[in-house]
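Below is one structure, written out as structure tokens; the observations come after it.
Counting starts at 1 for both ligands and their atoms, following the listed order. Counting from 1, the numbers follow the sequence of the chain as shown.
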Amino acid sequence: MAEVQALSAKNAEEAEALRIKYLSKKGEITALMNDFRSVPAELKKEVGMRINELKAAAQEKINALKEAACVQEAAAPGIDLTRTPYPIPLGTRHPLTIVKNEIVDIFSRLGFTLAEGPEVEDDWHVYSSMNFADDHPARDMQDTFFVETHPDIILRSHTSSVQARVMESTQPPIRVICPGRVYRNEAISARAHCFFHQVEGLYVDRNVSFTDLKQVLLLFAQEMFGPDTKIRLRPSYFPFTEPSAEMDVSCTLCGGKGCSLCKGAGWLEILGCGMVDPAVLEASGIDSTQYTGYAFGMGIERIANLKYQVKDLRMFSENDVRFLDEFVSA
Ligand code: PHE
């Protein structure tokens, strides 16, 4: 015990050497503990207690020596403990992730839950179950990437395939939001890319009406682009919704007066939507005489462009740090 208490070390290395000498696997105190087996039974209690005390004292002493050595080293000339540390550069979230999270957050507050599905899909979930006719042009090789050896396996060209998967495995009420990457066979330019990102929403229940859809989309637009945002719906066509519409929001830059962003129109197109076609509900095993639903889908790049006015779509996938750094505080 006296030996332990008298230990001293000039620096951290010496203290570490002491730890190895006494406390490591082959250390002296460890050896004592290993020999404990051969102590006669009547002495075990007494000896055991003493070894434990010795070990605890050694640990405490050596830790104290290490700490003292640390303080001593830090206080050496040239080291200023009061100086603020170097700022650690933080990474940034990708602008598309920022926008996706914002969209998902808005819809989760409205009761939607997240659903995801595979990017490599089969024809059924992307097209057939979504009511695309066999000769629909979207099935064309111009639009769709196929797996060469398996023409039935494709890269999904929209996230509606996730809707199909949710509907075939769940009965209503269904209220999901499906973000994800989609692929289309487009020549890459400032305005088009062979992959981009979508968020799609689906609500199926009894008595779901077009009014419900309109209200949810208005709430979304005002949360996303500000409380003064107006929306307008124009009739459109999608194979999987009837009736279908395209939604515009009042221009995020000029508020509707007309500027270069909205090309003088005062409106910007942001999403497609409509009432789920009864044939789509039936294809996924949902009784269309009992249930109705609405769906909507939007491009994340498109929304990010409106928020941040990114001129060239390729910026989103080139990972140029100068571009990404602009989103540090976002
Ligand atoms: N899936 C459509 C597209 O990719 C978007 C959409 C979704 C339209 C849901 C209407 C309803 O263009």
Side-chain angles (χ1 to χ4, degrees), residues 96 100 103-104 107 110 112 114-119 121 123-133 136-140 142-145 154-167 174-186 191-204 208-218 220-221 231-249 268-281 283-284 286 288 291-303 305 313:
L96 293 180
K100 181 195 80 178
I103 299 171
V104 169
F107 284 105
L110 293 168
F112 287 77
L114 204 69
E116 280 175 315
E119 292 177 17
E121 259 293 5
D123 177 276
W124 169 258
H125 290 100
V126 178
Y127 293 131
S128 298
S129 71
M130 283 289 136
N131 206 30
F132 283 74
H136 192 282
R139 293 175 181 252
D140 200 289
Q142 311 273 296
D143 272 338
T144 310
F145 286 113
I154 58 180
L155 296 183
R156 67 179 178 195
S157 54
H158 58 176
T159 40
S160 302
S161 52
V162 186
Q163 286 189 30
R165 285 190 177 271
V166 171
M167 284 193 287
I174 293 171
R175 193 158 23 179
V176 288
I177 190 95
C178 326
R181 179 175 288 178
V182 300
Y183 300 82
R184 290 188 195 172
N185 192 359
E186 305 254 7
R191 300 175 53 91
H193 211 296
C194 59
F195 62 79
F196 58 99
H197 300 79
Q198 286 188 328
V199 176
E200 187 141 331
L202 170 72
Y203 181 30
V204 185
V208 176
S209 71
F210 202 91
T211 328
D212 299 326
L213 170 63
K214 213 172 145 184
Q215 186 59 41
V216 156
L217 292 180
L218 176 64
F220 164 71
I231 62 167
R232 124 181 136 171
L233 291 164
R234 286 175 290 106
S236 183
Y237 173 78
F238 300 103
F240 36 90
T241 45
E242 180 58 37
S244 307
E246 244 145 335
M247 185 176 100
D248 300 339
V249 290
L268 299 161
E269 183 187 321
I270 63 157
L271 57 81
C273 60
M275 300 305 291
V276 182
D277 193 304
V280 172
L281 295 176
S284 299
I286 290 176
S288 65
Y291 297 107
T292 50
Y294 64 66
F296 54 85
M298 66 191 97
I300 302 180
E301 279 81 350
R302 170 93 183 129
I303 311 263
N305 266 343
L313 210 57

Any protein N/O atoms within less than 3.5 Å of an N/O atom in ligand 1? List the atom names and distances, or say none.
{"residue": "ligand 1", "atom": "1 (N)", "partner": "His158", "partner atom": "ND1", "Å": "3.1"}
{"residue": "ligand 1", "atom": "1 (N)", "partner": "Ser160", "partner atom": "OG", "Å": "3.1"}
{"residue": "ligand 1", "atom": "4 (O)", "partner": "Arg184", "partner atom": "NH2", "Å": "3.0"}
{"residue": "ligand 1", "atom": "4 (O)", "partner": "Gln198", "partner atom": "NE2", "Å": "2.9"}

For Asn185 and Thr144, work out which heavy atoms get closest and say how close.
CB-N, 4.3 Å
Who are the salt bridge (charged side-chain N to carboxylate O under 4.0 Å, His left out) partners of Asp123, not counting sequence neighbours?
Arg139
May I have the list of side-chain donor-acceptor pairs in residues 235-242 shorter than 3.5 Å, sequence neighbours left out?
{"residue": "Ser236", "atom": "OG", "partner": "Glu246", "partner atom": "OE1", "Å": "2.8"}
{"residue": "Thr241", "atom": "OG1", "partner": "Ser244", "partner atom": "OG", "Å": "2.7"}

Measure up the Phe112 and Tyr203 rings against each other and bin them: parallel (under 30°), tilted (30 to 60°), perpendicular (over 60°).
perpendicular
Among all residues two or more places apart in sequence or in another chain, which pass the ring-ring contact (aromatic ring centres under 6.0 Å, His included) test with His193?
Phe195
Hey, do the aromatic rings of Phe107 and Phe220 have their centres closer than 6.0 Å?
yes
